[in-house]
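Everything on this sheet refers to the single structure shown next.
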2 protein chains.
Amino acid sequence: MLDDLDRNLLEILVKDARTSLKDLASQVGLSSPSVSERLRRLEERGVIRAFTVEIDPLALGYTLQAIVRIRPLPGKLHIVQKLIEEIPEFGECDKVTGDDCFVARLFVRSIGDLDGILDRIADKAETSTAIIKAQPIRRRPPPLDATASRDRAKVLQG
Amino acid sequence: MLDDLDRNLLEILVKDARTSLKDLASQVGLSSPSVSERLRRLEERGVIRAFTVEIDPLALGYTLQAIVRIRPLPGKLHIVQKLIEEIPEFGECDKVTGDDCFVARLFVRSIGDLDGILDRIADKAETSTAIIKAQPIRRRPPPLDATASRDRAKVLQG
DNA sequence: AGATTTCGGTCGAGATCGTCCAGCATTTTA
DNA sequence: TAAAATGCTGGACGATCTCGACCGAAATCT
């Protein structure tokens, strides 16, 4: 489905999405029309979901991030989900198995804002909030190469 | 710190990081050298952390994602953190307050891989894993405009 | 106040880049 | 085996980016 050249291109673009076609071409050893065509098809197939920019939340005044686990009260699941989606300070939300129905990331400018936002869902769901103290790993894609983790584990043991 | 033009530029780039300077310029009403200079400074100041590409994990064979809460055993915190960082399938990890020390996102190709990876930290930490069933909100930046959430909340009530 | 520096902007020219097209080699299909 | 399809290259041309010269407003200095 993806060949080495595609993976190579993606790897470069993960580091800098504004790399010119010409540079991409010379780094992977193709001509720029070929690279252009490959990118077009990667987008078309949905492999590339978007070219985007990663912004430092601090620069926007968001001094605090929290992980919020959300357990809607009986019958409130849809309302709660809709509410979460509509609050732009939620920067990420996953619906998961287990007791906690949703796990979400919340950006806030202050502790006061945290309280204000959580109040808005407090009557429809139970929440547990954990303040983020540090980010050992910031968003990164999974390995692009085909090596399975177990293979590598073996190598590490051996 | 950030003016309207900067925010405007960021908004456009969040949607498409490969927008040409010329297009950016015409959309915000500046010349392209000015836009170029603004982007340079936004990068320099660290407001723009990176231009990157969002890849569909499915296209890379990762059919499963999980949120893993990790509680290192006494004295194992640093070893565990290092281990997490070194496992590339962890696509995100936050160090948080509360009982769970780390909350991480794990990309795996199969349930078997999930087990294999968690085994590697099983003797150094307690983990709780929640499989992601859906993603109501995929990674998005917090609001770029200065409007505080509470202001909006008031408007909604009023 | 008036002069000066700084800051951010425009414009235009030359350099660089992207896109289109024709042509070619390889692989797949009939 | 012939035909069609695929994916690549190179070159030409139009679009884009970058650089330097210049400009005006606002802040700073005397």
Side-chain angles (χ1 to χ4, degrees), chain A residues 1-63 109 141-147, chain B residues 1-62 141-147:
Chain A
M1 189 122 188
L2 287 195
D3 66 14
D4 286 351
L5 283 125
D6 289 328
R7 268 185 290 270
N8 211 326
L9 289 171
L10 291 175
E11 235 156 56
I12 299 167
L13 289 169
V14 164
K15 290 186 218 128
D16 179 8
R18 287 182 74 83
T19 309
S20 70
L21 292 182
K22 188 175 180 277
D23 281 358
L24 288 167
S26 81
Q27 288 184 57
V28 304
L30 283 179
S31 63
S32 35
S34 299
V35 171
S36 176
E37 176 64 10
R38 274 173 182 265
L39 293 191
R40 197 193 58 72
R41 292 184 49 193
L42 287 170
E43 286 191 79
E44 189 187 58
R45 286 196 280 160
V47 174
I48 292 179
R49 282 213 275 241
F51 295 98
T52 188
V53 64
E54 203 188 306
I55 303 169
D56 181 0
L58 215 51
L60 303 173
Y62 296 89
T63 57
R109 295 182 200 260
L144 303 188
D145 55 62
T147 323
Chain B
M1 187 126 190
L2 285 197
D3 66 13
D4 286 351
L5 259 47
D6 289 327
R7 269 186 288 272
N8 211 326
L9 288 170
L10 290 175
E11 234 157 57
I12 299 168
L13 289 169
V14 164
K15 290 188 219 128
D16 180 9
R18 287 182 74 83
T19 308
S20 71
L21 293 181
K22 187 176 181 275
D23 282 359
L24 288 167
S26 82
Q27 288 184 57
V28 304
L30 284 178
S31 64
S32 33
S34 300
V35 172
S36 176
E37 175 63 10
R38 273 173 183 265
L39 293 190
R40 197 193 59 71
R41 293 183 50 199
L42 287 170
E43 286 191 79
E44 189 187 57
R45 286 196 280 159
V47 174
I48 291 180
R49 282 215 277 243
F51 295 98
T52 188
V53 64
E54 203 190 305
I55 303 170
D56 181 359
L58 215 51
L60 303 172
Y62 296 89
L144 303 190
D145 55 63
T147 324

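Letters A, B, ... are given to chains in the order of the sequence lines, protein chains preceding strands, and every chain is numbered from 1.
- A donor-acceptor pair under 3.5 Å is absent between the side-chain atoms of R18(B) and the main chain of S20(A), judged by distance alone.
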Using the 3.5 Å cut-off, write out each protein N or O paired with an N or O of nucleotides 21-24 of chain D and the distance between them.
none

TODO: Begin from the C-alpha positions of E43(B) and R40(B) and carry the test salt bridge (charged side-chain N to carboxylate O under 4.0 Å, His left out) through to its verdict.
DONE: CA-CA 5 Å; E43(B) 286 191 79; R40(B) 197 193 59 71; over 6 Å; no
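- The minimum heavy-atom distance linking A25(B) with S31(B) is given by the pair CB-C, 3.7 Å.
- Using a 4.5 Å heavy-atom cutoff, the side chains of R45(A) and D6(A) are in contact.
- Recorded end-axis angle for the helix from dA1(C)-dT30(D) to dA30(C)-dT1(D) stands at 30°, based on five pairs per end and rounded to 10 degrees.
- You'll find the side chain of L42(B) reaches within 4.5 Å of the side chain of L2(B), heavy atoms only.
- Near DNA chain C, meaning a heavy atom under 4.0 Å from it, residues 13-42 of chain B has L30(B), S31(B), P33(B), S34(B), R38(B), R41(B) in order of number.
- Atom CG in D3(A) sits about 18 Å away from atom P in dT26(C), given to the nearest Å.
- Looking at every heavy atom in both residues, I55(B) comes nearest to R49(A) through O-NH2, 4.1 Å.
- Of the candidates D23(A), T19(A), L9(A), L5(A), V35(A) forms a side-chain contact (heavy atoms from CB on, under 4.5 Å) with just one, namely L9(A).
- When the options V14(B), V47(B), I12(B) are evaluated for a side-chain contact (heavy atoms from CB on, under 4.5 Å) with V53(A), the one that passes is V14(B).
- Rounded to the nearest 0.5 Å, atoms CG (L21(A)) and CZ (R38(A)) are 13.5 Å apart.
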Could you walk me through whether R41(A) and E44(A) pass salt bridge (charged side-chain N to carboxylate O under 4.0 Å, His left out), step by step?
CA-CA 5 Å; R41(A) 292 184 49 193; E44(A) 189 187 58; 5.0 Å; no
